[in-house]
Enquirer: 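Sharing a structure with you now.
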Amino acid sequence: YYSATTEGNERAADEYGINLTFFDAEWDSTKQISQIEDCCMSGRYDMIALVPVDAMGVIPGLEYAQENDMPVMTWSNTVGDDINNNYPGIIAHVGQNDEETGALCAKIVKNLLGEGGGNVVCIEGRAGTFAQVHRRIGFESGLEGSNVKIVYTKAADWDKYKAMQIAEDVLQSGTDIDAFFCQDDVMAAGVGSVVQEYGRQDQIKVVGMSGSIEGLKAMKDG
């Protein structure tokens with residue numbers, strides 16, 4: 001996802017004459033706050049486009065930027081807990097409504113399992129990120145009133161191989177399971193390969209989201 005969006009960033013920067021510098025916080029909010037502070041102090045930058053690694057944990061960095069008159073926009077993830085992406089001082093946000101997409105995934109799971117419902121395992125992204133929190137809220141609310149039951153939830157940090165290990169542990173445990181819901185489809189593609197390896201592809205459904213190249217290929221390949 002971020003490889004693709006970086007390419008888009010660079011193309012637009014060339015078109016509009018913007019000089020970009022990229023920083024990777026490695027999903028560490030302390031590191032990201034330090035990067036924000038460094039950007040503000042360096043005098044080299046006019047604006048920060050921020051993908052918050054932790055919806056609440058990054059707030060001190062945002063406050064520091066505001067105190068130093070550094071404009072900040074967010075994308076992909078947002079700050080705080082407002083699903084409409086309204087946080088004081090953020091000048092713009094580019095992203096989706098994660099509760100709506102979580103609820104849409106719940107609808108897909110319900111349709112796949114039918115009125116009889118079944119048991120679903122949720123494999124989530126990095127704990128504390130806005131997407132992880134609100135995709136869960138949307139998914140849970142979308143299942144209300146149905147016969148679909150969440151039997152296990154674990155964070156895989158948006159990592160395909162961690163998601164695969166979780167799926168393998170669940171299948172080895174003998175837990176009665178009818179579907180996996182993964183909060184992005186890179187994880188879902190990995191989980192799908194594990195389900196196939198265990199010969200369960202005809203019994204267990206795998207639902208992901210985001211439309212990554214790997215996820216779309218997995219859908220096309222069945």
Side-chain angles (χ1 to χ4, degrees), residues 1 52-57 74-87 93-160 162-192 194-195 198 200-212 215-216 218-219:
Y1 173 81
V53 302
D54 186 301
M56 307 304 293
T74 53
W75 59 282
S76 185
N77 297 332
T78 192
V79 177
D81 56 7
D82 182 358
I83 192 57
N84 294 314
N85 305 314
N86 295 319
Y87 190 86
H93 175 75
V94 178
Q96 63 184 320
N97 184 314
D98 285 298
E99 289 187 14
E100 288 183 359
T101 49
L104 178 59
C105 289
K107 180 179 179 180
I108 293 169
V109 169
K110 289 189 295 185
N111 288 342
L112 287 170
L113 298 184
E115 291 186 5
N119 295 333
V120 59
V121 169
C122 297
I123 299 181
E124 301 187 329
R126 175 76 60 145
T129 57
F130 191 89
Q132 176 268 322
V133 172
H134 288 275
R135 288 176 188 179
R136 173 193 282 190
I137 291 171
F139 188 74
E140 291 177 343
S141 67
L143 293 181
E144 289 178 2
S146 76
N147 291 315
V148 178
K149 180 182 178 182
I150 298 172
V151 294
Y152 185 66
T153 300
K154 190 164 185 177
D157 301 337
W158 313 114
D159 184 282
K160 174 182 177 180
K162 288 183 181 180
M164 292 172 70
Q165 185 60 60
I166 293 169
E168 189 168 344
D169 290 345
V170 169
L171 293 176
Q172 287 180 349
S173 73
T175 302
D176 184 17
I177 175 175
D178 302 287
F180 284 98
F181 165 54
C182 302
Q183 285 190 339
D184 81 6
D185 57 12
V186 173
M187 295 191 297
V191 169
V194 173
V195 170
Y198 276 72
R200 301 286 301 279
Q201 63 269 24
D202 294 331
Q203 296 91 38
I204 298 176
K205 309 298 184 183
V206 180
V207 174
M209 59 185 295
S210 293
S212 72
L216 293 173
M219 289 178 63

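Just so you know, residue 1 is the first one in the sequence shown, and it goes up from there. Only heavy atoms go into these numbers, but all of them, side chains included; no hydrogens, no water, no symmetry mates.
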Enquirer: When rounded to the nearest 0.5 angstrom, what is the spacing between CG in Asn97 and OG1 in Thr101?
Expert: 6.5 Å
Enquirer: With sequence neighbours left out, what residues match Phe130 under ring-ring contact (aromatic ring centres under 6.0 Å, His included)?
Expert: His134
Enquirer: How close do Ala218 and Ala189 get, counting heavy atoms only, and between which atoms?
Expert: CB-CB, 4.2 Å
Enquirer: Does Ala156 have any side chain to side chain contact (heavy atoms under 4.5 Å, CB included) partners at least two apart in sequence or in another chain, and if so, which?
Expert: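 Expected list: Ile123, Lys162, Ala163, Ile166, Met187.
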Enquirer: Not counting sequence neighbours, list each pair that qualifies as a side-chain hydrogen bond (donor to acceptor under 3.5 Å, both in side chains) and has a residue in residues 115-125.
Expert: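 Output for this query lists Glu124-Gln132, Glu124-Arg136.
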Enquirer: Are the side chains of Arg126 and Val53 in touch, meaning some heavy atoms are under 4.5 Å apart?
Expert: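 The answer is no, as the side chains (C-beta and beyond) never meet within the 4.5 Å cut-off.
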Enquirer: Suppose the criterion is salt bridge (Lys or Arg N to Asp or Glu O under 4.0 Å): which pairs have a residue in residues 93-110, not counting sequence neighbours?
Expert: Asp98-Arg135
Enquirer: Any side-chain heavy-atom pair from Leu171 and Ile204 closer than 4.5 angstrom?
Expert: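 In short, these two side chains touch, coming nearer than 4.5 Å.
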Enquirer: Working to the nearest 0.5 angstrom, can you tell me the gap between Ser76 OG and Gln96 CD?
Expert: 7.5 Å
Enquirer: What are the two closest heavy atoms between Val191 and Met164, and how far apart are they?
Expert: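 Closest approach of Val191 to Met164, heavy atoms only: N-CG, 4.2 Å.
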Enquirer: What is the minimum heavy-atom distance between Thr78 and His93, and which atoms define it?
Expert: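 That would be CB-CE1, 3.7 Å.
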Enquirer: Which pair of heavy atoms, one from Ala155 and one from Ala127, lies closest together, and at what distance?
Expert: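 So the two residues come closest at CB-N, 4.4 Å.
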Enquirer: I need the minimum non-hydrogen distance between Gly116 and Asn147, along with the two atoms involved.
Expert: O-CB, 3.6 Å
Enquirer: Run the side chain to side chain contact (heavy atoms under 4.5 Å, CB included) test against Asp81 and tell me which residues pass, sequence neighbours left out.
Expert: none
Enquirer: Picking from Phe181, Phe139, Phe180, what satisfies side chain to side chain contact (heavy atoms under 4.5 Å, CB included) with Val207?
Expert: Phe181
Enquirer: Would you say that Val170 contacts Tyr152 through its side chain, given a criterion of any heavy-atom pair below 4.5 Å between the two side chains?
Expert: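 Touching, per the 4.5 Å side-chain cut-off.
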Enquirer: Quick one: does Thr74's side chain get under 4.5 Å of Tyr87's, heavy atoms only?
Expert: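 Not touching, per the 4.5 Å side-chain cut-off.
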Enquirer: Among pairs that include at least one residue of residues 177-190, which meet side-chain hydrogen bond (donor to acceptor under 3.5 Å, both in side chains), considering only residues two or more places apart or in two chains?
Expert: Asp185-Ser212
Enquirer: Where is the tightest heavy-atom contact between Ala188 and Gly208, given as atom of each residue plus distance?
Expert: CB-CA, 3.7 Å
